[in-house]
Amino acid sequence: MADSENSVEMEGLYQPPNELQKDAHVKSFDQYKEMYKKSVEEPEEFWKEIAKEFYWKSPPTGRFLEYNFDYTQGPISIKWMEGAKTNICYNVLDRNIERGLGDKIAFYWEGNDPNDHGKITYKELLQKVCKFANVLKAQGIKKGDRVAIYMPMIVELTIAMLACARIGAIHSIVFAGYSSESLADRIIDAKCLAVMTADGVWRGTKLLNLKQIVDEAIRLSGERSHKVSKCIVVRHLSPSDEEVIDGDGDGHDEPPAKRPYRKLKINWHSDRDVWWHDVMKDSSDISEPEWMDAEDPLFMLYTSGSTGKPKGVLHTVGGYMLFTATTFKYVFDYQPDDVYWCTADVGWITGHSYVCYGPLGNGATSIIFEGTPMYPDAGRLWEVVDKYKVTKFYTAPTAIRSLMKFGDSFVTKYSRKSLKILGTVGEPINPEAWLWYHKVVGNGKCAIVDTFWQTETGGHVITPLPGATATKPGSATFPFFGVVPAIVNDEGKELTGAAEGYLVFKQPWPSIMRTVYGDHERFETTYFKKFPGCYCTGDGARRDEDGYIWITGRIDDMVNVSGHLLSTAEVESALIEHKAVTEAASVSHPHKIKGECIYCFVTLKQGFEFTPDLTTELKNIVRAKIGPFAQPDFIQNAPALPKTRSGKIMRRILRKTAVGDRQLGDTSTLADESVIDLLFQNRPNDA
Ligand code: WTA
């Protein structure tokens with residue numbers, strides 16, 4: 001691709017664009033290596049320097065870092081800056097305002113409907129956060145209490161989370177695409193006292209009644225003896241006729257007639273439900289932050305576990321604050337005039353770290369996007385890029401792949417000349433999508449950062465730095481500061497040089513999760529028991545001869561559907577709730593757009609027949625139990641499942657069956673080999 005102006009490619013390596021490199025925080029690979037070396041050899045010194053940029057009410061009382069990564073030596077524990085007092089909300093808002101950024105835009109809000117938009121400055125955001133902090137207190141919420149947030153992508157979502165952080169309440173955000181049952185499970189596990197939501201939201205052309213889903217979740221929790229005493233509801237879609245509201249969070253009220261609002265019918269429980277705007281009206285905008293210990297919990301976020309029950313991944317205040325702000329600064333090479341846009345929903349970790357805390361920690365201006373890449377058409381993302389002159393853009397490979405298939409014209413119709421850095425996250429990106437992102441979206445002149453990380457890691461752990469790292473399409477490249485990866489084999493032996501195996505980390509960085517909420521043992525078992533002394537990611541990785549790391553995907557029973565991790569066990573337990581199903585197994589299956597999809601095998605009870613209607617019912621049960629994004633693509637009749645003599649399902653064989661590959665490898669441990677023919681005979685025609 002010898003384009004003279006943008007010649008960034010040399011022998012399969014994409015060099016950092018010169019223009020960007022000039023002013024980058026890290027300008028060369030040598031500089032990266034030097035900083036990296038310090039960060040892993042003297043982590044305390046390295047992060048102490050960075051911590052100086054933040055406000056601390058008081059310094060750590062003990063060591064800056066104390067940890068045990070080896071369960072054979074005692075309980076796993078990770079503590080950064082214990083005893084230090086700070087508040088992340090204060091740091092991302094008040095501190096920035098004191099630095100003179102009060103009138104800077106914190107967020108542009110872009111609604112699902114292209115005519116729906118707004119903006120909010122740092123000063124205005126602080127004012128609303130303080131008001132809402134006082135609302136929470138008035139509702140009896142205090143430090144350490146858990147609050148569930150089930151909201152669409154509106155400014156109030158960030159206000160709610162920052163208000164929790166301000167008073168020390170632990171937010172548990174549940175993606176507003178999960179079902180009532182999933183929401184109820186999470187509310188009960190965390191014993192949330194209150195739920196914040198909105199009446200509803202448009203997602204593309206679909207109207208979702210969020211309040212109804214929350215009502216049902218609260219009812220289910222009640223049935224299981226957990227009472228939610230408050231539900232605070234943002235009026236987003238259902239303004240009353242006489243009322244004008246500030247629906248876009250821009251500080252100005254607008255009449256509903258001007259907006260594409262629809263009347264949404266919702267039920268009201270007056271003993272429990274309150275309108276956001278009612279309680280905000282007379283609330284004071286002065287709120288002294290709660291001074292938190294660096295190791296106090298900040299939030300929990302549920303992620304799928306391979307045993308089925310989701311895990312409440314717990315992050316703490318100090319380390320998470322340092323790491324999200326620092327990764328944001330370096331990985332997106334943040335500059336003060338940037339307009340940054342991460343399309344992820346705040347309901348996922350990417351939204352927590354790179355819509356909310358990381359960008360705000362740097363005083364950045366960013367976009368909160370309520371819509372979808374396809375609405376009103378496949379050019380929406382690039383239209384928004386031009387509208388706000390976005391410089392740094394961050395999305396998921398699945399979005400890129402789904403847009404690719406609509407052709408280049410939806411992209412080239414827009415100028416996109418403001419773009420400098422393009423990021424991806426959530427799943428391995430195939431080189432074809434990487435190249436399209438680079439050539440078509442980025443006009444060949446942007447740096448691409450393929451960032452590997454997890455809910456558990458809090459922030460980027462393996463990623464290029466845009467001014468320093470020459471990239472290879474599909475490789476997440478090298479570790480971020482403070483992160484020490486290793487590739488190990490089944491026996492836990494570290495493999496050096498070019499090798500493939502399990503990806504583990506050998507020492508803690510500031511935002512590694514601290515525990516599974518309420519179940520420290522599960523934390524230790526899931527992440528630290530497989531390879532003593534190391535944090536096990538659950539992902540496979542390959543290191544090539546140049547030292548580049550390539551993530552090869554999950555090696556446990558997880559499926560990554562469009563960047564959303566699901567456990568096969570979760571899907572199976574939904575399926576067996578159907579009266580016709582006696583046994584179910586689900587596996588990951590490659591999918592052109594979603595990356596992976598779910599392929600299920602069901603064994604029916606006597607007297608039930610495998611029909612198209614049953615297939616639909618089974619798909620629907622998974623949608624209802626988990627959420628629409630978890631719907632299986634394939635359901636296959638399996639008169640019997642392949643099992644070992646000890647009764648363990650051989651998933652390897654199921655994965656092969658799903659893709660129609662008869663090269664099954666060793667089948668000698670199968671209890672009954674005749675199962676295989678039956679399985680292949682029953683493959684659905686469209687698989
Ligand atoms: C996968 C999302 C390859 C991986 C931030 C990981 C990736 C899981 C990448 C975490 C990437 C995330 N390349 N795979 N750049 N980023 N993954 O917890 O399997 O929703 O373990 O966090 O996504 O998903 P989670």
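Keep in mind it's a predicted model, so treat the numbers as computed, not measured. Numbering of ligands and ligand atoms starts at 1, following listing order.
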**OP:** State yes or no: are the ring centers of His460 and Tyr394 separated by less than 6.0 Å?
**Re:** yes
Original post:
Among side-chain atoms of Tyr330 and Thr463, is any donor-acceptor pair under 3.5 angstrom?
Top reply: no
Subject >> Distance-only N or O hit between ligand 1 and Gln454, under 3.5 Å >> reply: yes
**OP:** Determine whether the side chain, the backbone, both or neither of Thr455 has a heavy atom under 4.0 Å from any heavy atom of ligand 1.
**Re:** both
Original post:
To the nearest 0.1 Å, how far is atom 16 (N) of ligand 1 from its closest protein heavy atom, and which atom is that?
Top reply: Gly426 N, 3.1 Å
**OP:** State whether Arg380 and Glu110 are salt-bridged, where the test is any N-O pair (Lys NZ or Arg NE/NH1/NH2 against Asp/Glu carboxylate O) under 4.0 Å.
**Re:** yes
**OP:** Report yes if some heavy atom in the side chain of Phe480 is under 4.5 Å from a heavy atom in the side chain of Leu465; otherwise report no.
**Re:** yes
Original post:
For ligand 1, is there an N or O atom under 3.5 Å from any N or O atom of Thr451?
Top reply: yes
**OP:** Do me a favour and list the nearest non-hydrogen protein atom to atom 11 (C) of ligand 1 with residue, atom name and distance?
**Re:** Glu427 O, 3.5 Å
Subject >> Donor-acceptor contact below 3.5 Å, side chain Lys392 vs main chain Phe332 >> reply: yes
**OP:** With atom 19 (O) of ligand 1 as the reference point, say which of Ile549, Asp539, Ile551, Thr463 has the nearest heavy atom.
**Re:** Asp539
Original post:
With a cut-off of 4.0 Å, which atoms of ligand 1 are near a heavy atom of Val425?
Top reply: 5 (C)
